[in-house]
Engineer: 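Can you read through this structure? Questions will come right after.
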Amino acid sequence: MEKKRVIVTERIADEGVELLRTELNVDYRDGISREELLEIIDQYDALIVRSVTKVNEELISRASRLKVVGRAGNGVDNIDVEVCTRYGVIVANTPDSNTISAAEQTISLLLSSVRNTAWANAFVKGGTWDRKPFRGVELYGKTVGIVGLGRIGSMVATRLKAFNMKVIAYDPYIADERFERFGAEKKNTLEELMQEADFITVHTPRNEETMHMINEKMLALAKDGVRVVNCARGGIIDEVALLQGLEQGKIGSAGLDVFEKEPATENPLFKFNNVVCTPHLGADTYEAQKRVGENIAEQVIKALRGDIVPNMVNLPTMLSEELDYLRPYINLAEKMGSFYYQLGKSPVSRIELTFSGPISMNETEILTVSFLKGLFKPIMDEKVNYVNARLVAEDRGVQVYEKKEGQSSKRYKNVITAKIYNHNNHLDIAGTVSRARDPLLVEINGYETETGLEGFVIMVENQDRPRVIGPFATALGDEGVNIASMKVARKTRGETAIMLINVDNKVEDHILEKLKNLDGIMERPRLLEF
C-alpha cells in the first residue's frame with residue numbers, strides 16, 4: 001500500500017521529520033515559494049507549516065487530497081480555520097508542546113523575583129557579600145491569583161498548590177468543573193482576584209479584551225506589596241502602570257518574560273533590582289522545541305489514520321488527561337451513531353443526546369461530533385470527520401440537541417443516551433463503557449441489554465416463548481457461524497422479545513433470509529457491523 005504524502009514547508013526539529021518518515025512519504029521543502037506550493041499542493045494528504053505559509057482558500061481549494069494542516073507551534077493566525085473546516089480539513093497545532101516549559105518559567109520567575117535571586121547573584125559576583133538587601137518572602141500559606149486557567153494556568157495552579165498556596169483564579173471562559181479539578185477557587189470578576197491575591201500571574205492570549213487588563217485601576221485594588229509575573233504575552237500587564245506601581249512601592253516585585261515591544265533592549269523596568277527579566281524564554285527549552293516537532297508529526301499521523309487528534313483547532317481542545325478519560329466514550333458515541341442507518345433508511349430530522357454521570361463534567365462536544373460522524377459516514381460519498389460532522393448535520397437539516405446530567409438514571413456510572421427521530425418514529429439507544437473500556441449497548445427501544453459493540457452483531461425480533469432461541473442458535477451453528485455471546489431481552493412476558501448476538505464473522509444475506517423463516521422469528525434478522 002502506497003504511503004500517504006506530507007509536505008513540510010518550514011523548519012521543524014529533525015526528530016519530527018524522522019517520526020513522519022516512519023509512516024509517510026515526506027517532502028521537506030523549507031522555504032518553498034508560494035507559486036510552487038500552489039502548483040503541487042494537490043499531491044499531498046498533509047501539510048505542516050509554522051508561521052510563514054499562508055493557508056487560505058486559495059491554497060485549500062487546490063488541495064484536493066488534503067486531510068490535515070499541522071501548525072508546528074501555538075497560534076494559527078496564518079491559517080484560515082473556517083475555510084479548512086468547510087472543506088473538511090483538520091487543523092492541529094501544538095499548544096501543549098511548550099506548556100511545561102512556560103509553566104516552569106513562570107515558577108522560576110516567581111521564585112527568583114520574590115527571593116531577589118537575580119539581584120543577589122549580580123551582587124555577589126560583583127565582589128560584595130551582604131545578605132541584608134535581599135530578604136524575600138515565602139510562598140507558603142499565601143494566596144496566588146491566576147488570570148487564565150487554560151493549559152499553562154492550570155499547570156501553574158497544580159504546581160503552586162504543592163507549595164501549600166491558596167489558589168484563586170479568574171477565567172470567564174472556563175467551566176466551573178475545571179476550577180474544581182485544579183483546586184482553584186473561582187473568582188467571578190478580575191476585581192475580586194486583585195483584592196485577594198498576594199501574588200498574581202497571567203496566562204491569557206493577547207487580544208482586544210486582554211490588552212492592558214491589569215492596568216492602573218486594577219493595581220490600585222491590589223494589596224500593598226503585591227507581586228506579579230507575566231510569562232504569557234507582553235501588554236496584558238500595562239507596563240506604564242507596572243512602572244508606576246514599582247516606583248510607588250505598591251508592587252513588591254515582578255518577573256517578566258514578555259514585553260509590549262520586543263526585542264526589548266531598552267525598557268525603564270530594567271532599572272529595578274526587584275524586577276527579574278528574561279528575553280521571552282517561556283518555550284525556549286531543548287525539550288520544548290523537540291516536542292513541537294514530534295508532537296506535530298504525531299498529530300498529522302493520527303489524523304491520516306483517522307484517529308482522534310488531541311489538539312484539533314477545529315474542535316474544543318482538551319487536556320491530555322481529559323482526552324484519555326473520554327477516549328472510550330468517543331469510540332462508544334461513534335458506534336452508537338452508526339446504529340441508525342444499519343436499521344433503516346428514513347432521513348433523520350432530529351437527534352437528542354444526553355450525557356449522564358461524571359462524563360458530563362467534561363467537554364462533550366467531541367462526543368457529539370463523534371456520534372454524528374458515526375451516523376453519516378455509512379451513507380455519504382464524501383468524507384465525514386470530526387471537523388465537518390456538524391456542518392454535514394446542518395446541511396441535511398438535522399437538528400441536534402444536547403443535555404448533561406450529573407447523575408445517570410440508569411444503573412451505570414456513565415451513560416450516553418440517544419434519541420434519533422425521523423418523520424414517522426424514532427430509535428432510542430443507550431450505551432456505556434465496560435470496565436475493560438469497551439463499548440456496550442445497554443438499551444435499545446426500551447429493551448435492556450449488555451451487548452458489546454465490536455465486530456458483528458445479529459439483531460433479531462422474536463416471539464417470547466419456548467423453542468425459539470435454541471433453534472435459532474442451532475441454525476447459526478449449522479451455517480458455520482460461531483456465537484461469541486448472546487443477550488436476550490423482553491419488556492412484557494409472552495410478547496415481543498429481542499436477541500442481540502455477537503458473532504465471529506460476517507453472516508451472508510442468504511443465511512439471514514433462511515433464519516427469518518424459523519418458527520417464532522418475527523422479521524428478517526439484521527446484521528450490524530461495528
Engineer: Within a radius of less than 6.0 Å around CD of Glu523, do more than 12 heavy atoms belonging to other residues, nucleotides or ligands occur?
Structural biologist: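 Atom CD in Glu523 is crowded, with more than 12 foreign heavy atoms closer than 6.0 Å.
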Engineer: Could you go step by step and tell me if Tyr329 and Glu334 meet the side-chain hydrogen bond (donor to acceptor under 3.5 Å, both in side chains) rule?
Structural biologist: CA-CA 9 Å; Tyr329 295 96; Glu334 184 168 345; over 6 Å; no
Engineer: Given Phe182 and Met155, is the side-chain contact (heavy atoms from CB on, under 4.5 Å) satisfied, shown in steps?
Structural biologist: CA-CA 8 Å; Phe182 294 104; Met155 193 168 283; over 6 Å; no
Engineer: Walk me through it: do Asn25 and Lys4 pass the test side-chain contact (heavy atoms from CB on, under 4.5 Å)?
Structural biologist: CA-CA 6 Å; Asn25 280 328; Lys4 293 181 179 178; over 6 Å; no
Engineer: Taking the basic N atoms (NZ, or NE/NH1/NH2) and the acidic carboxylate oxygens, is any pair closer than 4.0 Å for Arg86 and Glu57?
Structural biologist: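 Between Glu57 and Arg86 there is a salt bridge, with a charged N closer than 4.0 Å to a carboxylate O.
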Engineer: Just verifying a value: how many Å separate Ile79 CD1 and Lys54 NZ, rounded to the nearest 0.5 Å?
Structural biologist: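 Going from CD1 on Ile79 over to NZ on Lys54, the span is 10.0 Å.
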Engineer: Step by step, work out the salt bridge (charged side-chain N to carboxylate O under 4.0 Å, His left out) result for Lys514 and Glu479.
Structural biologist: CA-CA 10 Å; Lys514 288 173 65 175; Glu479 295 291 344; 2.5 Å; yes
Engineer: Taking side chain as C-beta onward, heavy atoms only, is Arg71 less than 4.5 Å from Thr94?
Structural biologist: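 When only atoms from C-beta onward are counted, Thr94 and Arg71 do not touch, as no gap falls below 4.5 Å.
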Engineer: Just by distance, with hydrogens left out, do Tyr28 and Glu10 show a side-chain donor and acceptor under 3.5 Å apart?
Structural biologist: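 Not at all, the side chains of Tyr28 and Glu10 share no donor-acceptor pair under 3.5 Å.
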Engineer: Nearest 0.5 Å please: distance from the CG atom of Leu527 over to the CE atom of Met459.
Structural biologist: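 It comes to 12.5 Å.
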Engineer: Report the C-alpha distance between Ser356 and Thr354 in whole Å, list the side-chain angles of each, state the deciding distance to 0.1 Å, and finish with yes or no for side-chain hydrogen bond (donor to acceptor under 3.5 Å, both in side chains).
Structural biologist: CA-CA 6 Å; Ser356 305; Thr354 303; 5.9 Å; no
Engineer: Using side chain to side chain contact (heavy atoms under 4.5 Å, CB included) as the criterion, list what pairs up with Asp27, not counting sequence neighbours.
Structural biologist: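 If we apply the side chain to side chain contact (heavy atoms under 4.5 Å, CB included) test to Asp27, skipping adjacent residues, the hits are Arg5, Ile7, Arg29, Tyr44.
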Engineer: For residues Gly374 and Pro378, report the shortest heavy-atom separation together with the two atoms involved.
Structural biologist: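 Minimum heavy-atom separation between Gly374 and Pro378: O-CD, 3.3 Å.
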Engineer: Would one find more than 12 heavy atoms of other residues, nucleotides or ligands at under 6.0 Å from atom NZ of Lys404?
Structural biologist: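 Atom NZ in Lys404 is packed in, count exceeds 12.
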Engineer: Between Ser349 and Asn422, is there a side-chain donor-acceptor contact under 3.5 Å, judged purely by atom types and distance?
Structural biologist: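 There is no such pair (donor and acceptor under 3.5 Å, judged by atom type) between the side chains of Asn422 and Ser349.
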Engineer: Side chains of Ile469 and Met486: closer than 4.5 Å at any heavy-atom pair?
Structural biologist: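 They are in side-chain contact.
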Engineer: Would a line drawn from the ring center of Phe530 to the ring center of Phe339 be shorter than 6.0 Å?
Structural biologist: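 That pair passes the under 6.0 Å test.
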Engineer: Mind checking whether Leu24 and Ile301 have side chains closer than 4.5 Å, heavy atoms only?
Structural biologist: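 Result yes, sub-4.5 Å side-chain heavy-atom pair found.
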Engineer: Answer yes when Arg524 and Glu513 have at least one side-chain N-carboxylate O distance shorter than 4.0 Å, and no when they do not.
Structural biologist: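 Glu513 and Arg524: salt-bridged.
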Engineer: Before accepting this row, confirm whether a basic side-chain N of the pair Glu394/Arg396 lies closer than 4.0 Å to the acidic partner's carboxylate O.
Structural biologist: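 No.
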Engineer: Quick one: do Glu185 and Lys187 make a salt bridge, cutoff under 4.0 Å?
Structural biologist: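 Lys187 and Glu185: salt-bridged.
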Engineer: Salt bridge or not between Arg390 and Glu402? Use side-chain N to carboxylate O under 4.0 Å.
Structural biologist: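 So Arg390 pairs with Glu402 through a salt bridge.
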Engineer: Could you walk me through whether Arg178 and Glu180 satisfy the salt bridge (charged side-chain N to carboxylate O under 4.0 Å, His left out) test, starting with their C-alpha distance in whole Å, then the side-chain angles of each, then the deciding distance to 0.1 Å, before giving a yes or no?
Structural biologist: CA-CA 5 Å; Arg178 187 62 62 90; Glu180 296 173 12; over 6 Å; no
Engineer: Evaluate the side-chain proximity of Asn188 to Glu192: yes if any heavy-atom separation is below 4.5 Å, no if none is.
Structural biologist: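 Yes, close enough: below the 4.5 Å cut-off.
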Engineer: Tell me whether Arg437 is salt-bridged to Asp324, with the criterion being a basic N under 4.0 Å from an acidic carboxylate O.
Structural biologist: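 Looking at Arg437 and Asp324, the cut-off is not met.
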Engineer: For Glu405, look at atom CD and say whether over 12 heavy atoms of other residues, nucleotides or ligands are found less than 6.0 Å away.
Structural biologist: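 Above 12, so yes.
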Engineer: Just by modelled atom types, is the Leu149 backbone N or O under 3.5 Å from a matching donor or acceptor in the Asp171 side chain?
Structural biologist: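 Yes, the answer is positive, given that a donor and an acceptor are paired below the 3.5 Å cut-off.
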Engineer: Rounded to the nearest 0.5 Å, what separation is found between the NZ atom of Lys3 and the CD atom of Glu23?
Structural biologist: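 One gets 8.5 Å once the value is rounded to the nearest 0.5 Å.
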Engineer: Indicate yes or no: does Lys290 engage Glu294 in a salt bridge with an N to O separation below 4.0 Å.
Structural biologist: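 Salt bridge present between Lys290 and Glu294.
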Engineer: Provide the closest heavy-atom pair for Ser97 versus Asn295 in the form atom of the first, atom of the second, distance.
Structural biologist: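 Nearest heavy atoms, Ser97 then Asn295: OG-ND2, 3.0 Å.
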Engineer: Let me confirm one number: the CD1-CG distance from Ile416 to Leu441, rounded to the nearest 0.5 Å.
Structural biologist: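 If I round to the nearest 0.5 Å, the distance is 12.0 Å.
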Engineer: Checking Arg151 against Asn98 for the side-chain hydrogen bond (donor to acceptor under 3.5 Å, both in side chains) test, could you report, in this order, the C-alpha distance in whole Å, the side-chain angles of both residues, the deciding distance, and whether it holds?
Structural biologist: CA-CA 10 Å; Arg151 287 183 174 85; Asn98 67 350; over 6 Å; no
Engineer: Just verifying a value: how many Å separate Ile359 CD1 and Ile330 CD1, rounded to the nearest 0.5 Å?
Structural biologist: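 Going from the CD1 atom of Ile359 to the CD1 atom of Ile330 covers 10.5 Å.
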Engineer: Does the distance from a Lys or Arg side-chain N to an Asp or Glu carboxylate O, for Lys186 and Asp176, drop under 4.0 Å?
Structural biologist: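 The answer is yes: the pair qualifies as a salt bridge.
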Engineer: Just one of Asp45, Ile60, Leu59 clears the side chain to side chain contact (heavy atoms under 4.5 Å, CB included) bar with Leu66, so which one?
Structural biologist: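 Among Asp45, Ile60, Leu59, the one that satisfies the side chain to side chain contact (heavy atoms under 4.5 Å, CB included) with Leu66 is Ile60.
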Engineer: Indicate yes or no: at least one non-hydrogen side-chain atom of Arg490 is less than 4.5 angstrom from one of Glu495.
Structural biologist: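 Of all side-chain heavy-atom pairs linking Glu495 with Arg490, none is under 4.5 Å.
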Engineer: The test is side-chain contact (heavy atoms from CB on, under 4.5 Å); show your working for Leu515 and Leu476 and say whether it passes.
Structural biologist: CA-CA 8 Å; Leu515 292 171; Leu476 279 176; 3.7 Å; yes
Engineer: Side chain to side chain contact (heavy atoms under 4.5 Å, CB included) with Val81: which of Asn314, Val55, Val89, Val69?
Structural biologist: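 Output: one option passes, namely Asn314.
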Engineer: Between Ala489 and Tyr447, which heavy-atom pair has the shortest distance, and what is it?
Structural biologist: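 Closest approach of Ala489 to Tyr447: O-CD2, 3.7 Å.
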Engineer: Report yes or no: does Thr432 contribute a side-chain atom to a donor-acceptor pair with the main-chain N or O of Tyr412 at less than 3.5 Å?
Structural biologist: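 It does not hold such a pair.
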Engineer: In terms of side-chain heavy atoms, does Tyr325 have a donor or acceptor partner in Asn414 at a distance below 3.5 Å?
Structural biologist: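 Yes, Asn414 and Tyr325 have a side-chain donor paired with an acceptor closer than 3.5 Å.
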Engineer: Hey, mind stepping through Thr53 and Thr9 against side-chain hydrogen bond (donor to acceptor under 3.5 Å, both in side chains) and telling me if it holds?
Structural biologist: CA-CA 7 Å; Thr53 305; Thr9 62; 2.8 Å; yes
Engineer: After noting the C-alpha distance and the side-chain angles of Lys403 and Leu353, does the key distance pass the side-chain contact (heavy atoms from CB on, under 4.5 Å) rule?
Structural biologist: CA-CA 6 Å; Lys403 184 171 69 172; Leu353 295 173; over 6 Å; no
Engineer: Without swapping roles, check the side chain of Asp80 against the backbone of Asn56 for a donor-acceptor pair under 3.5 Å.
Structural biologist: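 Here the side-chain-to-backbone pair does not exist.
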Engineer: Less than 4.5 Å apart, side chain to side chain, heavy atoms only: is that true for Leu440 and Val433?
Structural biologist: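 Of all side-chain heavy-atom pairs linking Val433 with Leu440, none is under 4.5 Å.
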Engineer: Please report the shortest heavy-atom distance between Ala102 and Ile152, naming the atom on each side.
Structural biologist: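 Smallest heavy-atom distance, with atoms named: CB-CD1, 3.6 Å.
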Engineer: Which atoms form the tightest heavy-atom contact between Gln299 and Asn93, and what is the distance?
Structural biologist: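 Looks like NE2-O, 2.6 Å.
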Engineer: Is it true that atom NZ of Lys491 has more than 12 heavy atoms of other residues, nucleotides or ligands lying nearer than 6.0 Å?
Structural biologist: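 Counting other residues, nucleotides and ligands, NZ of Lys491 exceeds 12 neighbours.
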Engineer: Quick one: pull up CZ in Arg181 and CD1 in Ile174 and give me the separation to the nearest 0.5 Å.
Structural biologist: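 Taking CZ in Arg181 and CD1 in Ile174, the distance rounds to 10.5 Å.
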Engineer: If you define the side chain from C-beta out and look only at heavy atoms, does anything of Leu38 sit under 4.5 Å from Ile41?
Structural biologist: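 Not in contact.
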Engineer: Less than 4.5 Å apart, side chain to side chain, heavy atoms only: is that true for Val313 and Val76?
Structural biologist: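 In contact.
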